[in-house]
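Excluded from the calculations below are hydrogen atoms, water molecules and symmetry mates; all remaining heavy atoms, backbone and side chain alike, are included. Sequential numbering from 1 along the given sequence is applied to the chain's residues. Since this is a predicted model, take the numbers as computed values, not measurements.
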Amino acid sequence: MKISRSEYYYHKRHRTNAYKEDNRKLDVDILRIYNESKKRYGSPKIHQMLEKEGKYVSKKRVGKRMRFLKIKSCIVKKYKPASSSKQVNSEGKENLLNQEFEVDELRTKMVSNITYIYVKNYGWTYLATVEDLCSRAIIGYSYGKTIDAELVIEAIKNAQTKGKFKEQAIFHSDLGSQYTSNKVEKYLKELGLRHSYSEKGYPYDNACMESFNAILKKEEVNLKEYETFEEAKMALFEFIEGWYNRKRIHSAIEYQIPYDIERMSA
């Protein structure tokens with residue numbers, strides 16, 4: 001073959017291991033997807049993103065490579081504000097949703113909730129959100145310094161701009177005083193929405209909204225220290241509109257992106 005014995009043995013000793021080379025390329029892709037998600041994705045979602053790119057490897061192998069690279073999804077202990085001891089009157093407030101979270105049409109079932117966000121130069125601030133159960137997109141939200149009925153109404157108004165509500169659509173919330181206020185009840189009736197309520201002290205009735213709040217805290221709020229209200233407001237806008245609705249894949253909708261479903265179903 002016209003090559004020297006020494007050259008033959010050199011290449012034999014230093015030949016490329018195909019499996020190691022595949023791992024090297026896989027590591028590059030994993031790190032790229034991980035950094036594009038701002039270190040939010042774990043192995044299940046990175047595995048799904050690789051498949052979307054036509055790169056088929058097992059979920060177990062992705063997890064193993066992530067351990068080798070010493071990377072993992074952000075995990076932060078959640079802060080839970082003390083619950084109010086105020087008595088809630090649940091008489092006549094029916095649970096129309098009844099944990100039936102699957103729906104095929106936009107604007108037929110929506111859920112809402114308020115979560116607390118701490119700002120250093122002010123204290124507690126509040127985010128009210130409205131989620132469509134078909135697309136799992138946050139279609140409306142309102143961020144403010146006071147927790148009142150107007151915060152909820154503003155979130156619903158913003159949701160209206162994303163598409164007309166179906167007739168007799170369900171709007172589900174907990175029994176918080178903001179949601180049971182006369183202002184909110186009247187406004188929902190004017191819109192032709194049926195108000196559904198979670199059972200008192202039973203968050204599973206609003207599990208989708210609780211899930212969003214947990215993701216928001218885990219992937220954004222608990223990783224930052226907001227100095228000002230305006231800084232927090234911009235960060236929430238970027239998270240909801242720039243990441244959660246338009247880029248983040250969701251297991252509940254078969255690893256699709258909420259706004260892709262919004263566009264396809266509109």
Side-chain angles (χ1 to χ4, degrees), residues 35-41 73-84 107 110-133 135-163 165 171-174 176-179 181 183-184 187-188 191 203 206 208-250 257-263:
N35 289 321
E36 285 174 355
S37 76
K38 297 185 178 180
K39 303 180 180 180
R40 292 163 173 157
Y41 278 170
S73 64
C74 48
I75 300 172
V76 179
K77 185 179 179 181
K78 304 181 187 71
Y79 177 84
K80 187 176 182 181
S83 60
S84 171
R107 312 301 183 262
M110 292 157 287
V111 291
S112 184
N113 204 348
I114 298 174
T115 194
Y116 295 61
I117 296 167
Y118 190 77
V119 174
K120 288 183 73 174
N121 77 341
Y122 184 82
W124 289 112
T125 58
Y126 311 95
L127 176 70
T129 47
V130 179
E131 178 180 345
D132 187 289
L133 288 181
S135 65
R136 301 301 171 98
I138 300 301
I139 57 172
Y141 67 94
S142 177
Y143 180 55
K145 297 178 179 179
T146 56
I147 182 169
D148 54 18
E150 292 301 327
L151 187 76
V152 174
I153 289 172
E154 189 65 26
I156 299 170
K157 285 181 179 178
N158 289 336
Q160 283 184 283
T161 66
K162 300 291 179 64
F165 302 145
F171 180 89
H172 185 85
S173 72
D174 60 22
S177 60
Q178 298 78 31
Y179 287 101
S181 67
K183 281 186 178 180
V184 170
Y187 187 62
L188 292 175
L191 296 175
N206 204 0
C208 297
M209 201 73 261
E210 297 289 344
S211 175
F212 167 75
N213 286 336
I215 290 168
L216 172 67
K217 297 294 176 70
K218 172 188 170 184
E219 297 184 1
E220 171 61 31
V221 174
N222 288 348
L223 300 177
K224 308 282 183 65
E225 282 191 353
Y226 305 120
E227 295 289 337
T228 65
F229 177 83
E230 289 70 24
E231 180 189 346
K233 186 175 183 179
M234 179 57 67
L236 293 172
F237 171 80
E238 290 176 352
F239 180 83
I240 294 171
E241 295 295 354
W243 169 248
Y244 190 87
N245 282 340
R246 287 181 166 83
K247 292 183 179 180
R248 190 183 192 276
I249 57 175
H250 295 258
I257 296 169
Y259 267 19
D260 287 348
I261 295 179
E262 288 276 322
R263 286 191 291 267

Chemist: Are Asn35 and Tyr41 side-chain neighbours, meaning at least one heavy-atom pair lies under 4.5 Å?
Modeler: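 They are not in side-chain contact.
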Chemist: Not counting sequence neighbours, which residues clear salt bridge (Lys or Arg N to Asp or Glu O under 4.0 Å) with Lys233? List them please.
Modeler: none
Chemist: Between the main-chain N or O of Arg107 and the side-chain N or O of Asp132, is there a donor-acceptor pair closer than 3.5 Å?
Modeler: yes
Chemist: Return the CG to CD1 distance between Asn158 and Ile138, rounded to the nearest 0.5 Å.
Modeler: 12.5 Å
Chemist: Are side-chain heavy atoms of Asn206 and Glu131 found at a separation under 4.5 Å?
Modeler: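 No, their side chains stay 4.5 Å or more apart.
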Chemist: Partners of Tyr122 by side-chain hydrogen bond (donor to acceptor under 3.5 Å, both in side chains), sequence neighbours excluded?
Modeler: none
Chemist: Keeping Arg136 on the side-chain end and Leu133 on the backbone end, is there a donor-acceptor pair under 3.5 Å?
Modeler: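 Checking the backbone N and O of Leu133 against the side chain of Arg136, a donor-acceptor pair under 3.5 Å is found.
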Chemist: Which heavy-atom pair separates Lys217 from Ile117 by the least distance, and what is that distance?
Modeler: CE-CG1, 4.4 Å
Chemist: Working note: Glu227 + Asn121, criterion side chain to side chain contact (heavy atoms under 4.5 Å, CB included); need CA distance, chi angles, decisive distance, verdict.
Modeler: CA-CA 6 Å; Glu227 295 289 337; Asn121 77 341; 6.0 Å; no
Chemist: Could you tell me if the side chain of Gln178 sits less than 4.5 Å from the side chain of Ile114, heavy atoms only?
Modeler: yes
Chemist: Can you find a pair of side-chain heavy atoms, one from Ser135 and one from Tyr259, that are under 4.5 Å apart?
Modeler: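 No, side chains not in contact.
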Chemist: Taking the six-membered ring for Trp, are the ring centroids of Phe229 and Trp124 within less than 6.0 Å of each other?
Modeler: no
Chemist: Sequence neighbours excluded, which residues qualify as side-chain hydrogen bond (donor to acceptor under 3.5 Å, both in side chains) partners of Asn113?
Modeler: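 For Asn113 the side-chain hydrogen bond (donor to acceptor under 3.5 Å, both in side chains) partners, ignoring immediate neighbours, are Glu210.
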Chemist: My understanding is that only residues two or more places apart in sequence, or in another chain, count here; which of them pass side-chain hydrogen bond (donor to acceptor under 3.5 Å, both in side chains) with Arg40?
Modeler: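 With neighbours one apart ignored, the set is Glu220.
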Chemist: Check the pair Tyr116, Tyr126 against ring-ring contact (aromatic ring centres under 6.0 Å, His included), reporting the backbone distance first and the verdict last.
Modeler: CA-CA 5 Å; Tyr116 295 61; Tyr126 311 95; 5.3 Å; yes
Chemist: Can you check whether Tyr244 reaches His250 side chain to side chain, under 4.5 Å on heavy atoms?
Modeler: yes
Chemist: Only counting residues at least two apart or in another chain, list the ones meeting side chain to side chain contact (heavy atoms under 4.5 Å, CB included) with Glu225.
Modeler: Lys120
Chemist: Using modelled atom types and a 3.5 Å cut-off, is there a donor and acceptor pairing between side-chain atoms of Glu219 and backbone atoms of Ile215?
Modeler: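 Checking the backbone N and O of Ile215 against the side chain of Glu219, no donor-acceptor pair under 3.5 Å is found.
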Chemist: Take Lys247 and Glu36 through the salt bridge (Lys or Arg N to Asp or Glu O under 4.0 Å) test and state the conclusion after the steps.
Modeler: CA-CA 10 Å; Lys247 292 183 179 180; Glu36 285 174 355; over 6 Å; no
Chemist: Would you check if Thr115 and Leu216 make a side-chain contact, meaning some heavy-atom pair closer than 4.5 Å?
Modeler: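 With C-beta onward as the side chain, the pair touches.
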Chemist: How long is the span from the CG atom in Leu188 to the OG atom in Ser112, to the nearest 0.5 Å?
Modeler: 9.0 Å
Chemist: Could you report the tightest heavy-atom contact between Ile156 and Phe165, atom names first, then the distance?
Modeler: O-CZ, 4.1 Å
Chemist: Could you check Ile139 against Glu262 for side chain to side chain contact (heavy atoms under 4.5 Å, CB included), going step by step and ending with a plain yes or no?
Modeler: CA-CA 10 Å; Ile139 57 172; Glu262 288 276 322; 3.9 Å; yes
Chemist: Ring centres of Tyr141 and Phe237 under 6.0 Å apart?
Modeler: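 Aromatic pair excluded; centres sit 6.0 Å or further apart.
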Chemist: Applying side chain to side chain contact (heavy atoms under 4.5 Å, CB included) to Arg263 and Ile257, what does each step give before you reach the verdict?
Modeler: CA-CA 10 Å; Arg263 286 191 291 267; Ile257 296 169; 5.9 Å; no
Chemist: Which heavy-atom pair separates Leu191 from Gln160 by the least distance, and what is that distance?
Modeler: CD2-NE2, 3.1 Å
Chemist: At what distance, to the nearest 0.5 angstrom, does CE of Met110 lie from OG1 of Thr129?
Modeler: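 These two atoms lie 13.0 Å from each other.
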Chemist: Using a 4.5 Å cut-off on heavy atoms from C-beta on, say whether the side chain of Leu223 contacts that of Lys39.
Modeler: no
Chemist: Taking all atoms of both residues into account, what is the closest heavy-atom pair of Asn245 and Glu241, and its distance?
Modeler: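 Where Asn245 meets Glu241 most closely, the heavy atoms are ND2-OE1, 3.6 Å.
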Chemist: In residues 142-149, what donor-acceptor pairs under 3.5 Å come from side-chain atoms, sequence neighbours left out?
Modeler:
residue, atom, partner, partner atom, Å
Tyr143, OH, Thr125, OG1, 2.6
Thr146, OG1, Asp148, OD2, 3.3
Asp148, OD1, Glu150, N, 3.3
Asp148, OD1, Leu151, N, 3.1

